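This structure is a prediction, so every number in the text was calculated from the model and none was measured.
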Amino acid sequence: VLQCLDYLDNIDIYKDRIKMFHVKDAEFNPTGRQGVYSGYQPWVDRAGRFRSLGDGQVDFAAIFSKMAANDFDGWAVVEWECCLKHPEDGAREGAAFVSDHIIRVTERAFDDFADGGTDEAANRKMLGIE
């Protein structure tokens, strides 16, 4: 977010190289007076600032979905920084946030729930084709 990068496209481009996922949230709220760098404003007043996980603008549902779709099997590491929230609250909430967003990948296709085998004789009987 703070690099103004399409991070979802970046994941697609570099998916084969991603071995660890740095989980960090941020927000970018530019005005007519400040943009990415925000000069020497205090962190709480900057247009671009780090936030606790889930409090910023990063689309974590999309990120974790891409990681699951790409068979990501690495670490998700929280680096907490927030200009507003207390660090102990941010750490506790951050660990739970990552845990809640990890997608357990299915072993089979979603529409394979009814795979109980086939009984050709029973099917033919039901269809009246004996």
Side-chain angles (χ1 to χ4, degrees):
V1 169
L2 296 184
Q3 293 180 22
C4 298
L5 176 76
D6 183 339
Y7 51 87
L8 298 176
D9 191 36
N10 184 270
I11 291 170
D12 289 336
I13 293 167
Y14 296 106
K15 65 185 176 191
D16 295 330
R17 295 178 175 219
I18 299 172
K19 306 299 179 198
M20 148 313 165
F21 169 33
H22 186 112
V23 188
K24 190 170 186 176
D25 208 346
E27 63 186 359
F28 181 53
N29 301 302
T31 69
R33 295 186 183 268
Q34 61 176 329
V36 174
Y37 299 109
S38 299
Y40 292 99
Q41 295 292 319
W43 275 106
V44 74
D45 296 327
R46 292 184 184 191
R49 58 193 191 171
F50 298 114
R51 297 299 312 276
S52 285
L53 295 181
D55 292 346
Q57 297 169 334
V58 174
D59 186 352
F60 286 106
I63 289 173
F64 278 88
S65 292
K66 282 192 175 287
M67 296 304 215
N70 294 337
D71 294 324
F72 176 72
D73 191 28
W75 287 83
V77 179
V78 174
E79 178 189 346
W80 179 87
E81 287 185 80
C82 184
C83 60
L84 297 172
K85 193 172 282 185
H86 191 279
E88 290 176 9
D89 296 335
R92 183 184 64 254
E93 293 170 6
F97 184 90
V98 170
S99 180
D100 290 345
H101 280 78
I102 292 174
I103 298 170
R104 194 174 97 177
V105 180
T106 183
E107 299 84 30
R108 58 183 179 208
F110 73 93
D111 58 353
D112 195 21
F113 62 90
D115 184 22
T118 58
D119 183 343
E120 190 171 332
N123 289 343
R124 288 172 123 352
K125 184 175 180 181
M126 284 186 275
L127 294 170
I129 313 171
E130 295 193 51

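Scored by the ring-ring contact (aromatic ring centres under 6.0 Å, His included) test, Phe60 finds Phe97 as partners (sequence neighbours excluded). With sequence neighbours left out, the side-chain contact (heavy atoms from CB on, under 4.5 Å) criterion links Ala68 to Ile103, Val105. In this view, Gln41 satisfies the side-chain hydrogen bond (donor to acceptor under 3.5 Å, both in side chains) rule with no residue, not counting sequence neighbours. Remark: Arg46 engages no residue in a side-chain hydrogen bond (donor to acceptor under 3.5 Å, both in side chains) (not counting sequence neighbours). With sequence neighbours excluded, the residues satisfying salt bridge (Lys or Arg N to Asp or Glu O under 4.0 Å) with Glu93 are Lys85. Considering only residues two or more places apart in sequence or on other chains, Asp12 meets the salt bridge (Lys or Arg N to Asp or Glu O under 4.0 Å) condition with Lys66. By the side-chain contact (heavy atoms from CB on, under 4.5 Å) test, Asp119 is found to be paired with Ala121, Ala122, residues two or more places apart in sequence or in another chain being considered. Taking the side-chain hydrogen bond (donor to acceptor under 3.5 Å, both in side chains) definition, one finds that Arg124 meets it with nothing, sequence neighbours left out. Every residue was checked against the salt bridge (Lys or Arg N to Asp or Glu O under 4.0 Å) condition with Asp100, not counting sequence neighbours, and none meets it.
Leu84 and Leu2 fall into different hydrophobic clusters, where Ile, Leu, Val, Met, Phe, Trp and Tyr side chains are chained together by heavy-atom contacts under 4.5 Å.
Taking all atoms of both residues into account, the shortest heavy-atom contact from Ala61 to His101 is N-CD2, 4.3 Å.
Side chain of Asp25 to backbone of Val58: a donor-acceptor contact under 3.5 angstrom is found.
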Residues 3-10, side-chain donor-acceptor partners within the protein, below 3.5 Å, at least two apart:
from	atom 1	to	atom 2	distance (Å)
Asp6	OD1	Leu8	N	3.3
Asp6	OD1	Asp9	N	3.0
Tyr7	OH	Asp59	N	2.8

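Sorted by first then second residue, the ring-ring contact (aromatic ring centres under 6.0 Å, His included) pairs that include residues 9-35, not counting sequence neighbours, are Phe21-Phe64.
If you check the side chains of Gln57 and Asn29, you find a donor sitting under 3.5 Å from an acceptor.
When hydrophobic side chains of Ile, Leu, Val, Met, Phe, Trp and Tyr are connected at separations under 4.5 Å, Leu127 ends up clustered with Ile129.
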